[in-house]
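Written out below as structure tokens is the structure these notes cover.
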Amino acid sequence: MPQLSNGVRHFPEYLDRARQEGLVEMIRSIVAEAPLFVPVMPGTGRPMSVRMTNCGPLGWVTDKERGYRYQSTHPVTGMPWPAMPEVLLDIWNDVSGYGKPPQACLINFYSDDAKMGLHQDRDERDLTAPVVSISLGNNCLFRVGGLSRTDRTKSIKLTSGDIVVLGGEGRLCFHGVDRIYPATSTLLKNGGRINLTLRRVDP
DNA sequence: CAGTACCT
DNA sequence: ACAT
């Protein structure tokens with residue numbers, strides 16, 4: 001279990017091809033029910049380059065007026081999020097070491113030119129629960145720093161099936177995606193990358 | 001402060 | 001830097 005930095009664990013190719021394909025099929029059905037939306041920055045309303053949706057009791061959303069938050073319904077359809085699939089609960093149980101189940105699975109779609117700036121995941125009330133991140137599709141350059149934005153960072157390439165766990169000391173580490181490497185995976189017919197992020201919100 | 005533009 |  002390689003440790004990128006304190007509390008940040010990387011499990012290369014944790015999911016085999018068959019499991020990855022199963023997840024992609026599962027994601028397609030979730031997206032059919034809960035359409036992708038474009039998140040925007042609070043205040044400015046500037047769009048992010050990823051598209052997202054969620055499954056589970058809670059979903060992470062953001063808009064110009066109310067900013068980052070978790071809510072139980074889709075921001076466009078107003079419908080509850082699709083249920084958390086068993087397979088994600090299983091993965092959480094296998095890698096998180098955390099007793100309570102995840103309440104939110106944020107599904108981020110990265111086109112080949114999408115990025116995610118350095119940030120902390122700190123919208124959850126339970127900051128003792130780890131964050132579990134699953135990579136599918138094209139490779140990406142993932143960057144992890146420390147608790148301060150200006151701390152030194154390390155970059156690693158993530159490939160399809162990789163899992164990263166930010167827990168303990170690493171739970172609030174700044175992290176982001178600097179770039180997607182086009183055509184590095186055959187998992188997604190339309191290219192790009194999907195990232196699933198499992199989180200516990202309530203203590 | 002989960003982005004981008006525009007510097008050197 | 002600008003703006004959050």
Side-chain angles (χ1 to χ4, degrees), chain A residues 4-5 7-10 27 30-31 34-56 58-76 81 88 102-158 162-167 169-181 192-202:
Chain A
L4 255 180
S5 63
V8 182
R9 290 175 298 158
H10 178 206
I27 292 163
I30 289 170
V31 170
L36 296 172
F37 58 94
V38 177
V40 301
M41 298 289 289
T44 61
R46 228 177 244 171
M48 303 185 191
S49 55
V50 299
R51 294 183 299 157
M52 58 177 54
T53 188
N54 293 267
C55 61
L58 293 173
W60 189 86
V61 300
T62 168
D63 56 36
K64 180 173 173 170
E65 295 75 23
R66 302 179 59 193
Y68 308 148
R69 64 193 186 277
Y70 283 92
Q71 64 181 40
S72 60
T73 56
H74 190 285
V76 177
W81 302 107
L88 296 181
Q103 293 172 296
C105 175
L106 175 59
I107 303 171
N108 278 327
F109 277 70
Y110 291 78
S111 56
D112 283 336
D113 61 356
K115 302 172 184 60
M116 180 71 77
L118 266 192
H119 68 279
Q120 291 173 301
D121 289 14
R122 55 179 316 148
D123 300 315
E124 303 72 31
R125 288 188 299 176
D126 183 357
L127 293 175
T128 69
V131 170
V132 173
S133 165
I134 302 168
S135 293
L136 297 169
N138 284 343
N139 297 345
C140 77
L141 187 62
F142 180 71
R143 187 147 61 108
V144 192
L147 298 180
S148 167
R149 184 181 285 280
T150 52
D151 286 348
R152 190 161 44 129
T153 61
K154 286 182 185 175
S155 293
I156 60 164
K157 193 173 293 189
L158 296 182
D162 286 10
I163 291 186
V164 173
V165 180
L166 283 69
E169 307 281 305
R171 175 61 179 77
L172 287 174
C173 278
F174 276 86
H175 59 282
V177 173
D178 285 341
R179 102 158 171 124
I180 306 293
Y181 297 97
R193 169 178 183 264
I194 296 173
N195 184 67
L196 306 179
T197 318
L198 300 170
R199 302 192 185 87
R200 178 80 197 178
V201 178
D202 298 316

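Values below: every heavy atom of this structure, side chains too, minus hydrogens, waters and symmetry copies. By convention in this document, chain letters (A, B, ...) are assigned in the order of the sequence lines, proteins followed by strands, and residues within each chain are numbered from 1.
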[X] [atom1] - [N] [atom2] separation (whole Å):
X: Y110(A); N: dG3(B); atom1: OH; atom2: P; result: 9 Å
X: L196(A); N: dA2(B); atom1: CG; atom2: P; result: 21 Å
X: D178(A); N: dA2(B); atom1: CG; atom2: P; result: 15 Å
X: M48(A); N: dG3(B); atom1: CE; atom2: P; result: 6 Å
X: N54(A); N: dA2(B); atom1: CG; atom2: P; result: 16 Å
X: N195(A); N: dA2(B); atom1: CG; atom2: C1'; result: 12 Å
X: R143(A); N: dG3(B); atom1: CZ; atom2: P; result: 11 Å
X: K115(A); N: dT4(B); atom1: NZ; atom2: C1'; result: 9 Å

Only stems of 3 or more consecutive Watson-Crick or G-U pairs count here, both distances under 3.5 Å; name the ones for DNA chain C, or none.
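So far as stems of 3 or more pairs are concerned, DNA chain C shows none.
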Approximate separation, where rounding is to 0.5 Å, of [X] [atom1] and [Y] [atom2]:
X: N54(A); Y: L36(A); atom1: CG; atom2: CG; answer: 10.5 Å
X: L58(A); Y: R199(A); atom1: CG; atom2: CZ; answer: 11.5 Å
X: T153(A); Y: F174(A); atom1: OG1; atom2: CZ; answer: 12.0 Å
X: T62(A); Y: M52(A); atom1: OG1; atom2: CE; answer: 8.0 Å

Any side-chain to backbone donor/acceptor pair from T53(A) onto A34(A)? Under 3.5 Å, distance only.
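Flag set: sc T53(A) to bb A34(A) pair under 3.5 Å.
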Looking at side-chain heavy atoms only, is the closest gap between W81(A) and I30(A) below 4.5 Å?
no
May I ask you to check whether over 12 heavy atoms, not counting those of R66(A), lie within 6.0 Å of atom CZ?
no
More than 12 heavy atoms of other residues, nucleotides or ligands under 6.0 Å from CZ of R51(A): is that the case?
no
Hey, are R69(A) and D63(A) close enough for a salt bridge, meaning a charged N less than 4.0 Å from a carboxylate O?
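Yes, charged N to carboxylate O under 4.0 Å.
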Base, sugar-phosphate, or nothing: which does [X] touch, judged by heavy atoms less than 4.0 Å apart?
X: P39(A); answer: nothing
X: R69(A); answer: nothing
X: M41(A); answer: sugar-phosphate

For DNA chain B, which residues in residues 121-137 of chain A have a heavy atom at a distance below 4.0 Å?
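Only D123(A) qualify.
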Closest approach to the side chain of H119(A), judged atom by atom: which nucleotide of dA2(B), dA3(C), dG3(B) is it?
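Between dA2(B), dA3(C), dG3(B), the one nearest the side chain of H119(A) would be dA2(B).
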Looking at dA2(B) and W60(A): do their rings stack (centroid distance under 5.5 Å, interplanar angle under 30°)?
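Base of dA2(B): stacked against W60(A).
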